[in-house]
Amino acid sequence: MLPYLLMVMVVIFYAGNILVGEALNDLPPLTIAFSRLAVAFLCLVPLAARTAWRSRGLFLHEWKPLLLLTLTGVAFFNTFIYAALQFTSSTNVSVLETLIPALTLALSALVLRERLYALQWSGLALSILGALWVITDGQIFALAQLEWNIGDGIMIGAVASWAVYSLAVTRYLSLFPTFSVLLVMTGLAAVILAPLVVIEWAVLGVPAFSAAEHLPGLIYLGVFPGLLALFFYNRAVQQLGASRASIFLNFLPVATMAGAVLWLDAQLTLPKITGALVVVLGVFITTRAGRRPPLSRSRTHRLAHPSSREGLRETFRPPEEQT
């Protein structure tokens with residue numbers, strides 16, 4: 001039950017990520033992404049700095065999976081979203097985000113050799129239909145009239161990035177201490193984005209920053225989608241598997257709709273309620289149809305050869321984590 005609750009919180013936080021990201025689109029996208037990383041990093045320092053330093057040998061040895069996790073889940077995913085929102089609407093972003101579960105399921109079958117059942121695909125299709133019904137307020141054929149632009153192409157990059165990240169979490173995240181890896185990933189992503197921010201400022205000019213106008217939104221992005229949602233998603237994927245966890249992302253349009261109704265005085269209509277119920281049904285079918293996810297290749301390798309990576313992790317694990 002806990003991983004499902006974690007995924008509900010992830011959806012709520014990421015719905016706020018879209019709404020707040022759109023509200024802050026007077027700031028350049030790389031500036032927004034870097035600022036949220038800075039907030040998340042500062043929050044993590046007192047929690048994980050000591051453990052991360054003691055585990056530095058592990059991070060250096062496993063730098064390839066660490067870099068993959070950092071680039072796909074921390075550095076580029078949200079950068080793509082904020083960049084997309086500069087050119088396209090939150091509606092288009094929500095439509096394209098419904099592709100994440102489908103792509104994750106397909107990659108799980110191809111890369112992780114996860115066996116998927118027809119009922120899972122049916123539940124996925126139903127949840128996507130419900131999400132699109134919410135987005136279009138029941139006018140499903142209005143999707144053909146949406147205006148697509150470069151922002152939608154950028155959003156495709158975000159979809160692919162998060163699908164790859166979900167698989168990388170399943171395969172590699174168990175190698176690292178929980179909070180320490182978030183700290184290292186966040187700091188490394190900030191280092192990667194820093195020179196890109198300098199280039200952005202050189203091309204577009206240094207943005208006019210208002211503490212009253214921008215700081216609350218940046219703090220929200222750093223603490224909730226930047227830190228808590230990432231932590232919750234990682235835990236849920238490790239317990240549910242990438243395919244079953246990602247299906248919850250089809251709740252995003254529902255959560256975004258709820259946020260718009262509560263805070264932006266948007267109108268709640270019967271088609272939106274109907275679509276939300278269809279999403280719930282689709283997610284329920286998909287999660288109940290899937291069996292326990294198979295062990296990732298890295299975990300299977302450690303079980304078969306306990307003296308390999310698990311032994312390495314024990315070597316570098318801090319004393320407080322060995323007790």
Side-chain angles (χ1 to χ4, degrees), residues 10 13-14 16-18 20-21 24-60 62-86 154 157-158 161-162 164-166 168-169 172-173 175-211 214-234:
V10 168
F13 293 154
Y14 277 148
N17 187 45
I18 296 175
V20 175
L24 293 175
N25 66 4
D26 57 320
L27 294 176
L30 289 170
T31 300
I32 299 175
F34 179 82
S35 299
R36 67 171 267 167
L37 287 174
V39 171
F41 183 81
L42 291 175
C43 292
L44 283 165
V45 165
L47 297 175
R50 181 180 299 179
T51 306
W53 176 251
R54 292 178 178 176
S55 303
R56 61 190 182 277
L58 172 63
F59 289 118
L60 290 172
E62 301 290 352
W63 69 270
K64 290 182 179 179
L66 178 66
L67 184 62
L68 178 63
L69 289 163
T70 299
L71 291 177
T72 55
V74 184
F76 291 146
F77 172 66
N78 286 286
T79 302
F80 283 141
I81 288 182
Y82 302 141
L85 288 170
Q86 299 281 324
I154 295 172
S161 180
W162 194 254
V164 172
Y165 174 74
S166 299
V169 168
Y172 298 120
L173 194 70
L175 299 174
F176 305 105
T178 302
F179 283 104
S180 299
V181 72
L182 291 178
L183 175 66
V184 174
M185 287 164 57
T186 303
L188 182 58
V191 170
I192 292 170
L193 290 185
L196 301 179
V197 172
V198 173
I199 295 173
E200 182 180 68
W201 289 359
V203 173
L204 303 177
V206 178
F209 181 82
S210 169
H214 298 129
L215 190 58
L218 293 174
I219 290 176
Y220 171 84
L221 293 180
V223 173
F224 292 97
L227 173 57
L228 293 179
L230 195 65
F231 172 65
F232 291 166
Y233 186 79
N234 291 347

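Remember, predicted model here, so these are calculated numbers, not experimental data. Throughout, residue positions are numbered sequentially from 1 according to the sequence presented.
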Original post:
Do the non-hydrogen side-chain atoms of Pro177 and Phe59 ever get within less than 4.5 Å of each other?
Top reply: yes
Original post:
Do Phe224 and Val20 touch side chain to side chain, with heavy atoms closer than 4.5 Å?
Top reply: no
**OP:** Kindly determine whether Asn17 and Tyr82 satisfy side chain to side chain contact (heavy atoms under 4.5 Å, CB included), including the steps that lead there.
**Re:** CA-CA 9 Å; Asn17 187 45; Tyr82 302 141; 2.6 Å; yes
Subject >> Closest contact, heavy atoms only, Met185 versus Leu66 >> reply: CG-CD1, 3.8 Å
Original post:
Which word best sums up how the rings of Phe232 and Phe13 line up, parallel for under 30°, tilted for 30 to 60°, or perpendicular for over 60°?
Top reply: parallel
Original post:
Under a 4.5 Å cut-off applied to non-hydrogen side-chain atoms, are Ile81 and Trp162 in contact?
Top reply: no
**OP:** Test the Arg50-Trp53 pair against the cation-pi criterion, namely NZ or CZ under 6.0 angstrom from the six-membered ring centroid and within 45° of the ring axis.
**Re:** no
Original post:
If you measure only the distance, is there a donor-acceptor pair under 3.5 Å linking the side chains of Asn78 and Tyr14?
Top reply: no
**OP:** State, to 0.1 Å, how close Ala211 and Pro216 come at their nearest heavy-atom pair, and which atoms those are.
**Re:** O-CD, 3.4 Å
Original post:
Do Thr70 and Trp63 come within less than 4.5 Å of each other through their side chains, counting heavy atoms only?
Top reply: no
Name every donor-acceptor pair, under 3.5 Å, that has one atom in a side chain of residues 37-48 and the other anywhere in the protein, sequence neighbours excluded.
none

**OP:** First locate atom CG of Leu221, then atom NE2 of His214, and finally report the distance between them rounded to the nearest 0.5 Å.
**Re:** 11.5 Å
Original post:
Quick one: does Gln86's side chain get under 4.5 Å of Ile154's, heavy atoms only?
Top reply: no
**OP:** Measure the spacing between CG of Leu182 and CG of Asn234 and express it to the nearest 0.5 Å.
**Re:** 6.0 Å
Original post:
Which pair of non-hydrogen atoms, one from Phe176 and one from Pro65, has the smallest distance, and what is that distance?
Top reply: CZ-CG, 4.4 Å
**OP:** Check whether any side-chain N or O of Tyr165 sits under 3.5 Å from a backbone N or O of Leu71 as a donor-acceptor pair, and report yes or no.
**Re:** no
Subject >> Side-chain (Ser161) to main-chain (Gly157) donor-acceptor, under 3.5 angstrom >> reply: no
Subject >> Heavy-atom donor-acceptor pair, Arg54 side chain to Thr51 backbone, under 3.5 Å >> reply: no
Would you be so kind as to tabulate the donor-acceptor pairs closer than 3.5 Å made by side chains of residues 27-35, with sequence neighbours excluded?
unit_1	atom_1	unit_2	atom_2	d
Thr31	OG1	Glu200	OE1	2.8
Thr31	OG1	Trp201	NE1	2.9
Ser35	OG	Thr31	O	2.7

